[in-house]
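Working notes, structure below.
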Number of protein chains: 2
Amino acid sequence: MPALSVDKFHPGLSVDCVILGFHQNELKALLLKMKKMDKWALPGGFVEKEEDVDKAAVRVLWERTGLKDIFLQQFYLFGDVGREEEGHVEGLVQKGVIDRELAGWLKQRFVTVGYYALVEYSQVEAPQPDYLSESCEWRSLSALPELMLDHGRILEKAHATLKRQLNYQPIGLNLLPRRFTMPELQALYETLLGQKLDRRNFQRKMMGYGILIRTGERRTGGAHKSPWLYEFDEEKYRQSLAGGLNAGW
Amino acid sequence: MPALSVDKFHPGLSVDCVILGFHQNELKALLLKMKKMDKWALPGGFVEKEEDVDKAAVRVLWERTGLKDIFLQQFYLFGDVGREEEGHVEGLVQKGVIDRELAGWLKQRFVTVGYYALVEYSQVEAPQPDYLSESCEWRSLSALPELMLDHGRILEKAHATLKRQLNYQPIGLNLLPRRFTMPELQALYETLLGQKLDRRNFQRKMMGYGILIRTGERRTGGAHKSPWLYEFDEEKYRQSLAGGLNAGW
DNA sequence: CTTTATTGCGTCAAAGTGACACATTAAGTT
DNA sequence: AACTTAATGTGTCACTTTGACGCAATAAAG
């Protein structure tokens, strides 16, 4: 167990990352399985004393999973007392997962900042767990394992935030391969929303946003009629992110 | 100067409240004028070690302004290093505003959680400044005084968040008197958006949401035709808050 | 060559939106 | 008391967006 010098960190402040990917028509989150425990956890960690919180989130994600330079979006601060579970830290000590110094540090009251990111599933190959974890895996949101502390609630809140953003912001640029078909994009939306959409109206609405480019090519190999391949117009995609899709007023 | 026992607080964590009101067709924020300084500040303070952050915000607002039981909405954590200004704390000490103990506490690195609330201007009568401040006043957003630290940025972010929410959530229940006219509601929207709206289309759209009740009465006394008085249907208002106005999908 | 399931494109009615005309009314003016 | 003024209430009309669905084109399998 490497020594973790604890006094370089900002006291009582942590970050937790909800990393969402999309694969086989399922929304998945990247989770760490804690050593010697049956519970799973979001990749999270501490903020250094002279480090921006946003940057800490990026660093922590890298340290704990190997994912590099992910664009993380802050979505909520979880600041209720009682986030901690009675006996949680003692359990870790007794199982030899953490040492006494770290345990003392962990026993203080913590608030945590939630961040989320949407990443392309296939670009994350064999994420590397750190020394606290025995594995790092994609787990389907529809069949989540038991999560430690309030990580279940954090994940839920990230999902809800995402669903709301779908109404006024484009989504998919970091979640899909560079080129994708309309049915694939639709499947992403349907999964995020938990709701079926009409194929034809979806295409019309999506094209109306003007953020998609139809490449001349089709995806072949599957059965039946081969669909067109699309890319995002990154310039216009970013404009839509900033300005919103349905300005409303 | 009352002694402020500093070790009951969570280290390096503060809350700041953006309180917005609407008066004479202007959006105003409640600000504190710091003693012996030309700068103004948002009402803010520290979180106790065994206190929910949300509850701390409510308490702090009460302690610093006298406003009671305001519903505060968390909107962002400001966590960059360099939020602090060089020499800011020393200045306070030299002017005798704070003592050495508080100064030492303040010199650590802080992150702050931003909260906002919309309140009815007229219900806030003579807000009371605390011992750190020499006054507590409504200041128009269009002519803000100089704010200390990054409070200007915090206020700006609250305003932007509000503007975005206007697209999918009803607004006005806590910002207007219980009964109000359609032109008054429209003026609120126009001020928040910084944009003129068509009178007739505004009314149609607003009524379409089904959250307004037209009382049988009119507002008399003004010149010209007297407008109807409306109330919010609080039941439906809350439903719209939860479900969103323009579901989108 | 036929079958089958999927994709692309189009239609149509209903609802929503933006721009505007016109009638109504309360207070001030003459 | 009649007139003027400016704000409010209601309605219209064309255009766009949305929801629901029909039909033809196509890639692979039998």
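Quick note: numbers below take in every heavy atom, side chains included, and nothing from hydrogens, waters or symmetry partners.
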What one-letter contact string describes nucleotides 20-30 of chain D from 5' to 3', where B marks a base within less than 4.0 Å of any protein heavy atom, S marks contact via sugar-phosphate atoms alone, and - marks no contact? BBB--BBBS--
Side-chain donor-acceptor contact under 3.5 Å, B/Glu217 with B/Thr215: no
Could you list by number each residue of residues 178-194 of chain A showing a heavy-atom separation from DNA chain D of less than 4.0 Å, or answer none if no residue does? none
State plainly whether the residues A/Glu184 and A/Arg219 are in salt-bridge range, i.e. N to O under 4.0 Å. yes
For B/Gly44, does its backbone N or O pair with a side-chain atom of B/Arg64 as donor and acceptor, under 3.5 Å? yes
Atom CG of B/Asn25 and atom P of D/dA7 are separated, to the nearest Å, by 12 Å
Taking the side chain as every heavy atom from C-beta outward, state whether B/Glu120 and B/Pro177 have any atom pair closer than 4.5 Å. yes
Does B/Ala41 offer a backbone N or O that forms a donor-acceptor pair with the side chain of B/His151 under 3.5 Å? no
Between A/Glu231 and A/Arg178, does any NZ, NE, NH1 or NH2 come within less than 4.0 Å of an OD or OE carboxylate oxygen? yes
A/Met207 CE to D/dT18 C1', straight-line distance once rounded to whole Å: 18 Å
Output yes when a side-chain donor or acceptor of B/Glu190 lies under 3.5 Å from a complementary backbone atom of B/Leu197, and no otherwise. yes
Take the protein atom CD of A/Gln203 and the nucleotide atom C1' of D/dG19, then report the distance between them rounded to whole Å. 16 Å
Aromatic ring pairing A/Phe202/A/Tyr189, orientation class (parallel under 30°, perpendicular over 60°, tilted between): perpendicular
Whether the side chain of A/Asp198 engages the backbone of A/Arg200 through a donor-acceptor N/O pair (distance < 3.5 Å, no angle test) should be reported. yes
For A/Arg214, report the nucleic acid contact type (base, sugar-phosphate, nothing); a contact means any heavy atom under 4.0 Å. sugar-phosphate
Here the distance between atom C1' of C/dC9 and atom CZ of A/Phe202, to the nearest Å, is 17 Å
Mind checking which stems touch DNA chain C? I mean at least 3 consecutive Watson-Crick or G-U pairs, both distances under 3.5 Å. C:1-30 with D:1-30
Quick check on the 6.0 Å ring-centre criterion: do B/Phe232 and B/Tyr237 meet it? yes
Closest approach of A/Leu149 to A/Arg83 (non-hydrogen atoms, all atoms of both residues): CD2-O, 3.9 Å
Rounded to whole Å, how long is the line connecting atom CE of B/Met206 with atom P of C/dG16? 16 Å
Can you tell me the distance, in whole Å, between the CG atom of A/Leu245 and the P atom of D/dT18? 11 Å
